[in-house]
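Everything below concerns the one structure shown next.
Because the structure is predicted, anything quoted here is derived from the model rather than measured.
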Amino acid sequence: MNLFERAKNILLTPKTEWPVIDGESDSVGNVFTGYAMPLAAIGPIIGALGMFFLSSLLGSFLGGMAHLGIGLGLGLAVIGFVMALVSVFVLGLIINALAPTFGGTPDQGRAIKLAVYSSTASWIGGLFAFIPLLGGLIALVAWVYSIYLLYVGLPVMMKAPAEKAVGYTVVVIIAAILLWLLVSFVIGAITTMAMVGGMAALGAH
């Protein structure tokens with residue numbers, strides 16, 4: 001499995017690429033280490049670099065706060081990366097659990113692969129996270145396209161009837177949104193605690 005070839009194919013020709021994925025015997029571990037981890041790292045890395053340059057730019061005005069910003073950026077990058085991987089794994093479990101409800105065949109390995117590969121668009125959308133406003137719009141479009149990839153892949157990977165793919169997709173997306181809200185809450189709470197702790201440490205000096 002070539003990462004770049006797979007990403008290109010799943011984005012440009014998903015209807016023909018899903019059957020190819022369906023016929024592969026790659027383990028979930030290989031899919032995570034060889035595909036999910038590199039792509040899931042894009043957004044966090046871009047975000048950390050953006051915070052680094054912003055902190056460097058404003059360093060002369062912020063003083064010690066600049067170092068806090070850099071450290072916070074790196075910390076958030078690690079947290080975001082881990083949460084992205086955990087989220088896609090949990091999404092795969094949800095897809096698998098819902099399969100019988102929509103006439104599909106439960107298979108945890110296929111479900112997790114479906115969650116990973118359908119996340120391709122949203123992960124690559126992270127490349128544009130540093131662009132004000134436009135980056136957010138691109139991220140939204142990428143997320144919507146990931147939904148389409150999921151919709152196309154569900155009947156192939158989970159053997160669900162094509163006529164039930166829309167309902168299956170909708171329920172999975174609702175679950176994904178709830179999962180995203182939970183992850184956002186956790187990251188937000190960690191960020192707040194880190195900033196408060198950093199401010200306290202600076203104040204002590």
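Shortest non-hydrogen contact noted between Pro38 and Thr33 is CD-O, 3.6 Å. The minimum heavy-atom distance linking Ala40 with Ala84 is given by the pair CB-CB, 4.1 Å. Of all non-hydrogen atoms in Leu179 and Ser87, the two that sit nearest each other are CD2-O, 3.3 Å. Of all heavy-atom pairs spanning Gly167 and Phe102, the tightest one is C-CE2, 3.6 Å. Between Tyr145 and Ala121, the shortest heavy-atom distance links the atoms CD2-CB, 3.8 Å. Across all non-hydrogen atoms, the minimal contact from Gly125 to Ala142 is CA-CB, 4.1 Å.
If you chain together hydrophobic residues whose side chains sit under 4.5 Å apart, Val141 and Ile10 never meet in one group. Phe32 and Leu3 fall within the same hydrophobic cluster, defined by Ile, Leu, Val, Met, Phe, Trp and Tyr side-chain heavy atoms under 4.5 Å apart, directly or through other members. At a threshold of 4.5 Å between side-chain heavy atoms, the hydrophobic network of Ile, Leu, Val, Met, Phe, Trp and Tyr places Leu181 and Trp143 in one connected group. The cluster map of Ile, Leu, Val, Met, Phe, Trp and Tyr, joined by side-chain heavy atoms under 4.5 Å apart, puts Val171 and Tyr148 in the same cluster.
For the pair Lys159 and Asp107, the minimum side-chain heavy-atom distance is 4.5 Å or more. Side-chain contact between Thr105 and Met158 is absent, with no heavy-atom pair separated by less than 4.5 Å. The closest side-chain heavy-atom distance from Pro106 to Pro100 is below 4.5 Å. Looking at heavy atoms from C-beta onward, Gln108 lies in side-chain contact with Ile112 at the 4.5 angstrom threshold. Using a 4.5 Å heavy-atom threshold, the side chains of Thr101 and Lys164 count as separate. For the pair Thr169 and Ile173, the minimum side-chain heavy-atom distance is below 4.5 Å. Looking at Val156 and Leu114, their side chains never come closer than 4.5 Å, going by heavy atoms from C-beta outward. Contact check for Phe89 versus Val116: no side-chain heavy atoms found under the 4.5 Å cut-off.
The backbone N or O of Thr16 sits nowhere less than 3.5 Å from a side-chain atom of Thr13 that would complete a donor-acceptor pair. Of the possible polar contacts, one joining the Lys113 side chain to the Asp26 backbone as a donor-acceptor pair under 3.5 Å is found. Under the 3.5 Å distance criterion, the side-chain polar atoms of Asn96 are left unmatched by any main-chain donor or acceptor of Gly92.
Residue Leu39 holds its CG atom at 8.5 Å from CZ of Phe4, rounded to the nearest 0.5 Å. Atoms CE and CH2, on Met37 and Trp123 in that order, are 11.0 Å from each other to the nearest 0.5 Å. Taken from CG in Leu11 to CD1 in Ile124, the straight-line distance is 4.5 Å, to the nearest 0.5 Å. A distance of 4.5 Å separates OG of Ser118 from CG of Leu150, quoted to the nearest 0.5 Å.
Side-chain polar atoms of Thr120 and Tyr35 form a donor-acceptor pair below 3.5 angstrom.
Under a 4.0 Å N-O distance rule, the pair Lys8/Glu17 does not qualify as a salt bridge.
Relative orientation of the Tyr117 and Trp18 rings is perpendicular, given thresholds of 30° and 60° on the angle between their planes.
Summarising the local packing, CZ of Phe81 is surrounded by more than 12 heavy atoms from other residues, nucleotides or ligands at distances under 6.0 Å.
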Let me see the working for Val172 and Tyr168 under side-chain contact (heavy atoms from CB on, under 4.5 Å), right down to the final yes or no. CA-CA 6 Å; Val172 170; Tyr168 198 170; 3.8 Å; yes
